Every structure is written in C-alpha cells, then in structure tokens.
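Only one structure is covered here, and it is reproduced in the block below.
Note: hydrogens, waters and symmetry copies are ignored here, and every other heavy atom, side chains too, is used. Here the structure is a predicted model, which is why all the values come from computation and not from measurement.
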Amino acid sequence: MKTEPGAAGVSYATAIPGTTWEQFRFEFAAPDIAAGARIITNEPWSEGARVGAGFFETLGIPLISGRLFTDAEILGAHHVAIVDEAWVHTILGGQNPLGLMVREPAEAGGAPGPWHEIVGVVGDATIRRRGKAPHDAVLYRPGAPGARLRIRLLIRTQGPASVLQHRLQSAALSVEPDVRLTEVMSMDRLAEAEALPARFFLRVVAVVAAVALLLATAGIFALVSFTLARRTREIGIRIALGAAPRRILIVVFSRAFVQIGLGVLAGALPGFVILGSGVDDAAGLGKAWGAGATAAVCAFVVLVALIACTVPLRRALRIQPTEALRLD
C-alpha cells in the first residue's frame with residue numbers, strides 16, 4: 001500500500017486513538033518511582049498498544065524527547081517502549097522517563113514479562129474532544145508483523161480515502177486470501193462508532209433519570225400542596241388572632257424547607273462523595289460538570305418545593321377569618 005498513489009503513510013497497531021486501548025499493568029525496576037500512578041488490583045496501570053513501523057509518523061504524533069522505534073526493534077519485537085506526555089505527568093509526576101525499565105508483573109503461578117526500556121516520549125494522541133479532561137496515558141510497545149494480534153491497518157491519504165478503499169481490499173486478497181478486512185472507515189467515523197454505545201447508554205440513563213426526577217418532584221409538589229391545604233384553617237385562625245403575614249410565611253416555609261433540605265442533602269451527598277473520591281471520569285465530562293449537574297437537580301427540587309408552598313399559601317392568606325373558622 002505504500003506504493004499506491006495517494007498513500008502518504010502506512011502502519012498498523014493493536015489500538016489507535018479514538019478506540020479502546022489495551023490495559024497495561026506494570027512495575028518499575030525502582031518500586032517507589034510511580035507514586036502517582038493509577039492502581040488496579042494493587043498495581044499501577046496505563047493504557048497501551050503494540051504498534052508497527054511508521055505509526056507515529058502516519059498519525060502525525062510528534063516526538064517530544066528521546067527517539068522512536070527502529071525498524072530492527074519492530075521486526076524483532078525488542079523490549080523497548082515509548083510513552084506519551086500524559087503518561088509522564090500522570091504516572092511519573094513530570095519526571096524524566098528515558099531509561100526507566102518497566103515490565104508486566106507475574107500472573108498467578110506465572111513469570112513476569114520482560115523488562116522494557118523507555119526510549120522516547122511522544123505527544124498525546126486523541127481524536128475525541130475531551131474538553132478539559134486529561135488525555136489517556138499510553139505506553140507503546142513494538143508489534144512485530146505476523147504476530148497473532150488483532151490489528152488495525154492505518155493509511156494516511158493525500159486525498160479522499162474512498163479512492164484507496166477498493167484497492168486496499170484487492171491488495172489484501174491478492175497477498176493472502178484468508179485475510180478479511182472487517183471494517184474500512186475514516187478516523188472520524190471510527191471514533192463515532194466507538195463512542196456510539198457509550199452515548200446510547202448515557203442517553204438512556206439521562207431519560208430514566210429525567211423521568212425519575214419528574215416523578216419525584218411531582219410527588220413533592222403534591223405532598224407539600226396537600227399538607228399546606230390542610231393547614232388553611234390554622235392559618236385563618238392565626239390571622240384572626242392578629243398574626244402578621246410575614247410571621248406565617250416564616251413558620252410555613254421553615255417547616256417545609258427543613259424537610260426538603262434534609263431530602264436534598266441525603267440525595268446529593270452520595271453524588272458529591274463519588275465526585276470527590278478520585279474515581280476516573282470515563283465519559284470525559286469532568287468533575288465540574290458532574291458537580292454542576294448535581295447542584296442543578298438540587299436547585300430544581302427546591303424550586304418545585306417553593307412553588308408547591310406558594311400556591312396554597314397565597315390562597316390561605318386571602319381567606320377571610322370567618323370563612324376559615326367554618327372549615328373542617
């Protein structure tokens with residue numbers, strides 16, 4: 001494919017930006033160096049991928065320091081690694097990673113993986129807009145051609161990708177009839193396809209949450225309105241005895257909002273605890289967005305309670321004391 005007109009770069013990888021990365025659990029030769037690393041089953045981990053020659057050049061990922069993989073390291077699957085800037089800041093707290101040795105820890109009853117020397121640092125790579133959320137920390141390792149890996153073939157084109165699509169399928173069949181190209185699409189379409197299940201799930205959750213919120217607020221409105229309507233006679237008697245409307249408002253609203261406040265606090269506290277617990281934001285929305293949504297729901301519930309108190313209270317304040325005394 002490199003010889004095809006319109007192909008500006010060709011490579012492959014087990015995972016690419018915009019898709020689901022592999023999880024790479026690791027340990028350092030110096031155990032105390034990864035104090036800020038994310039922990040999974042008591043071990044630090046990051047995203048990972050095995051890549052072929054020209055991977056970074058094909059995707060336009062810049063080299064920040066060190067060097068890229070050589071062809072000999074790719075072909076021989078040498079034990080070297082390259083990390084991105086997010087990996088340096090997330091795992092090492094900004095320390096220089098060049099020369100550090102990492103390896104996969106031993107599985108139950110097995111041997112640990114070989115040591116990999118970090119030889120380079122590249123820029124962060126993503127094709128999804130993440131707002132202010134940090135990029136995934138990624139560690140790249142060489143992936144030898146012919147290895148039993150499920151790979152994605154990458155082709156950078158100088159023109160429309162559809163021009164090379166038919167030629168790509170024909171070339172693959174001519175080399176190996178058993179090879180099947182299951183999906184051929186642009187990077188933008190690939191990112192949308194990968195994000196579609198998560199977006200669908202989030203939309204379903206949002207609809208269910210909205211229905212639950214409406215039912216809850218409808219119940220609050222009905223309960224508060226009914227409770228105040230039952231107190232119409234009491235309010236009329238207070239007015240007949242000379243109570244000021246301001247005093248009545250304070251008594252009614254204080255009792256209602258103590259109950260509403262306790263309910264809002266009980267509902268919002270778990271959400272803020274989760275936001276402050278340091279759990280990774282898988283959706284990439286950021287903790288500020290989550291805190292804002294929680295606060296907005298709380299404000300909406302309080303607003304509904306305020307309206308529920310206002311409507312029957314205005315009716316009760318307008319009633320004549322003689323009429324209130326005749327009410328059951």
For [X], side-chain contact (heavy atoms from CB on, under 4.5 Å) partners two or more places apart:
| X | value |
| --- | --- |
| F300 | L213, T217, V304 |
| V264 | I260, C298, V301, V302 |
| A15 | T19, W21, A49 |
| A8 | R156, Q158 |

With rounding to the nearest 0.5 angstrom, report the [atom1] to [atom2] distance, [X] to [Y].
| X | Y | atom1 | atom2 | answer |
| --- | --- | --- | --- | --- |
| S11 | L59 | OG | CG | 7.5 Å |
| E22 | E47 | CD | CD | 10.0 Å |
| L68 | E73 | CG | CD | 10.0 Å |

#### Entry: Connected-component partners of L262 among ILVMFWY, side-chain separation under 4.5 Å
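V258, which link up through side-chain heavy atoms under 4.5 Å apart, make up the rest of the cluster.
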### Task
Report the relative orientation of the aromatic rings in F26 and F24; use parallel for angles under 30°, tilted for 30 to 60°, perpendicular for over 60°.
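It falls in the parallel class, under 30°.
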### Query
Which word best sums up how the rings of F56 and Y140 line up, parallel for under 30°, tilted for 30 to 60°, or perpendicular for over 60°?
perpendicular
Work out which heavy atom in [X] is nearest to a heavy atom in [Y]; give both atom names and the distance.
| X | Y | result |
| --- | --- | --- |
| D124 | E85 | OD1-N, 3.2 Å |
| A13 | I16 | CB-CG2, 4.1 Å |
| I74 | G52 | CD1-C, 3.8 Å |

Close side-chain approach of [X] and [Y], heavy atoms under 4.5 Å:
| X | Y | answer |
| --- | --- | --- |
| V121 | V88 | yes |
| T90 | S46 | no |
| V138 | V83 | no |
| V119 | I82 | yes |
| V122 | P62 | no |

### Query
Taking only residues two or more places apart in sequence or in another chain, which ones pass ring pair (Phe, Tyr, Trp, His ring centres under 6.0 Å) with F69?
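Result, ring pair (Phe, Tyr, Trp, His ring centres under 6.0 Å) vs F69: none returned.
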Looking only at atom types and distance, does a side-chain atom of [X] sit under 3.5 Å from a main-chain N or O of [Y], one as donor and one as acceptor?
| X | Y | value |
| --- | --- | --- |
| D84 | G123 | no |
| Y12 | R50 | no |
| H89 | W87 | no |

### Message
Please enumerate all residues that pass salt bridge (charged side-chain N to carboxylate O under 4.0 Å, His left out) together with R247, with sequence neighbours excluded.
### Response
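Result, salt bridge (charged side-chain N to carboxylate O under 4.0 Å, His left out) vs R247: none returned.
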### Query
Hey, any chance F200 and V208 share a hydrophobic cluster, counting ILVMFWY side chains that come within less than 4.5 Å of each other, even indirectly?
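Yes, F200 and V208 fall within the same hydrophobic cluster.
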Which side-chain N or O atoms in residues 98-106 pair as donor and acceptor under 3.5 Å with protein atoms at least two apart or in another chain?
| from | atom 1 | to | atom 2 | distance (Å) |
| --- | --- | --- | --- | --- |
| R103 | NE | E27 | OE2 | 2.6 |
| R103 | NH2 | E27 | OE2 | 3.1 |
| E104 | OE1 | R141 | NH1 | 3.4 |

